[in-house]
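In what follows, a single structure is set out as structure tokens and then discussed.
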Amino acid sequence: MLEIKNLNKSFNVGTVNEKHVINDISLTVNDGDFITIIGSNGAGKSTLLNLIAGTYMPDSGKIVLDGKNITFSSEIKRAKDIGHVFQDPMMGTAADMWIEENLALAYRRTKKRSLSWGISNKEREIYKKELSRLGLGLENSLNKKIGLLSGGQRQAVTLLMATLQKPKVLLLDEHTAALDPKTAAAVLTLSDQIIREDNLTAMMVTHNMQNAIDYGNRLIMMHAGRIILDLSGEEKKNLTVEMLLRQFEKASGEEFVNDRALLS
Amino acid sequence: MIRLVTLQSGIAQGLLWAILTIGVYITYRILDFADLTIEGTFPLGAAVTVVLINSGMNPFLATAVAMLAGPLAGLSTGILNTVFKIPGILSGILSMIALYSVNIRIMSDKATVAIAGNSIKKIVATLFPAGTVSNTLSTTVGIIVCAALIATLYWFFGTETGCAIRATGNNSKMSRSMGINTDMMTIIGLMLSNAIVALSGSLIAQFDYGSALVNMGQGTIVIGLASVIIGEVILIHKEHNFAYRLFSVVFGAIVYRTIISVVLTISGFKATDIKIITAIIVAIALSIPVFKEKAAMRKKRNLAMKEGK
């Protein structure tokens, strides 16, 4: 279980550009939750994920993961418990290393790195099996530089890497936003499949309202650093994009501003 | 006409300088860190070796101590870069400039200290028939050391830690999200590289210069880069394994030294012209991709013009 209490984060403190990005957010993520997060530009969606992952440190508040207070522990330490997939497909993998080498790095996410050999033959079998889940035929090209793959393929492998060692929380930060619509849909379906099959707890930021409605068991809407809507169960199932937009206007008193959300 | 002896000396010197180049390869290519520390580490290795030999230490032991001194320089650069967040180039420059003072102190305020006692070269010479030329000795030792280094590094960069260092140089953000302590990996890489560079300085002092010179590090980073790039331009055209890539670096160092030896035999060139020649070689090698792209674009343009008609 992930508990967030009264979390605050500001950027550029003390300058004219000071921005209170996360404003006293409290949220409890239950085990097995698959939360989709949606919100207008600058609502603090990505920042929230980065605070959970430890990329940024909060100004105040508390983050507790499975009873352990991780609020100020380093990103590297947290990586043992958290899988993080970024928006940019180039960011999630080491381009000059082979597919199997990238997977081997991920396989050791939870372990201490020693001077023993970087990949064992036993692992290769695991990687082949896992890669075949992607349905991209990559299981036959373990020795291919990952930089030679397309953005969609790379993002699919990144997803696999984030879940190769089961994370306590999987963070997906607009991980399909940089892909073409068809590939984005494929990667999204794959994410959903992996999350369900491995019974993962996940938080997914998306700019696509329909996706936010279709996937997951819980939907959170953010605005100006606050959570303004938190729906689950039947309430979420019956949502439409229209209803979401109206809910947003009612809760925030503003129009929904996210070009990509409205265009896609 | 290139004389045989010119080639022989190019190979002999190239193999010793190849050790430095392997050190540069680790930082420049694997860590993606142009480490200027080595301009101070190279004379450091020489100074430590020569001073210890002159105080009566066994040359092999003195060389080993030099190899332990090098990593300290790498550690200093690594801490400046990762703990204090000083940009890599500047961290290296700071260590380099500090090492100048350190080296002068090690050499007791002298700019040059000649080897007075034994050296690895003399020991190796006893294994060969009397009168064996210096180039043969350097070549033998150079081949042994380069082969040992390639084998060791091939193993090391295949281990979990080695893979983590490669990942750090490739994509540090991703590496952190995989739980890799990227700061620690940068420091380990810098220490390893500087150990190798110190070894190179030590061996060149013993085999080539016969002394330690406080200024012998000047331009080593560019020489190292030139050798790395020449090797890659000539030998790397597709996916190759790591051992082959290290071999290409050694080959690059030999080619570089041979070019320099050949140029110096042309009348009108002076030894001090080496630096400008090196700069030109590096500039040309680094701009090859741009030339290739321009040529390809011209081809496309011409084709488009024809089709237009």
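In what follows, every chain begins at residue 1, and chains take the letters A, B, ... in the order their sequences are listed.
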### Query
In terms of side-chain geometry, is the basic nitrogen of E130(A) or R133(A) positioned less than 4.0 Å from the acidic oxygen of its partner?
yes

### Query
After noting the C-alpha distance and the side-chain angles of D31(A) and K168(A), does the key distance pass the salt bridge (Lys or Arg N to Asp or Glu O under 4.0 Å) rule?
CA-CA 8 Å; D31(A) 286 342; K168(A) 286 179 179 162; over 6 Å; no

### Message
Any donor-acceptor pair under 3.5 Å linking the side-chain atoms of D35(B) with those of T37(B)?
### Response
yes

### Task
Give, as side chain, backbone, both or neither, the part of A53(A) having an atom under 4.5 angstrom from any heavy atom of chain B.
neither

### Contact origin within T158(A) toward chain B - heavy atom pairs under 4.5 Å
neither

### Task
Decide yes or no on ring pair (Phe, Tyr, Trp, His ring centres under 6.0 Å) for F242(B) and W155(B), but give the supporting numbers first.
CA-CA 10 Å; F242(B) 186 65; W155(B) 163 76; over 10 Å; no

### Message
Using the ring centroid of each side chain, check whether W98(A) and Y127(A) are separated by less than 6.0 Å.
### Response
no

### Region of F157(B) that comes under 4.5 Å of a non-hydrogen atom in chain A
neither

### Task
Under 4.5 Å heavy-atom distance to chain B, tell me which part of M161(A) shows up: side chain, backbone, both or neither.
both

### chain B contact via K112(A) - which portion, at a heavy-atom distance below 4.5 Å
backbone

### Task
Against chain A, work out which of N171(B), T161(B), N170(B) has the most heavy-atom pairs shorter than 4.5 Å and name it.
N170(B)

## Note on the structure
Test side chain to side chain contact (heavy atoms under 4.5 Å, CB included), reference L49(A), set D173(A), T55(A), L172(A), I82(A), output is D173(A)

### Task
May I ask you to check whether T41(B) and N194(B) show a side-chain donor-acceptor distance below 3.5 Å?
yes

### Task
Before giving the answer on salt bridge (Lys or Arg N to Asp or Glu O under 4.0 Å), spell out for E160(B) and K111(A) the whole-Å C-alpha distance, their side-chain angles and the decisive distance to 0.1 Å.
CA-CA 10 Å; E160(B) 292 177 337; K111(A) 300 185 176 99; over 6 Å; no

### Task
Against chain A, work out which of C163(B), G158(B), G169(B) has the most heavy-atom pairs shorter than 4.5 Å and name it.
G158(B)

### Distance-only side-chain donor-acceptor flag, E123(A) / S120(A), under 3.5 Å
yes

### Message
With chain B as the partner, which of I119(A), D96(A), N143(A), T110(A) has the greatest number of non-hydrogen pairs under 4.5 Å?
### Response
D96(A)

### Summary
When every non-hydrogen atom of I220(A) is compared with those of I35(A), the smallest separation belongs to CD1-CG2, 3.6 Å

### Contact listing (chain A partner; residues 77-96 of chain B; heavy atom under 4.5 Å)
none

### Query
What residue in S114(A), A106(A), A94(A), A104(A) has the most heavy-atom pairs under 4.5 Å with chain B?
S114(A)

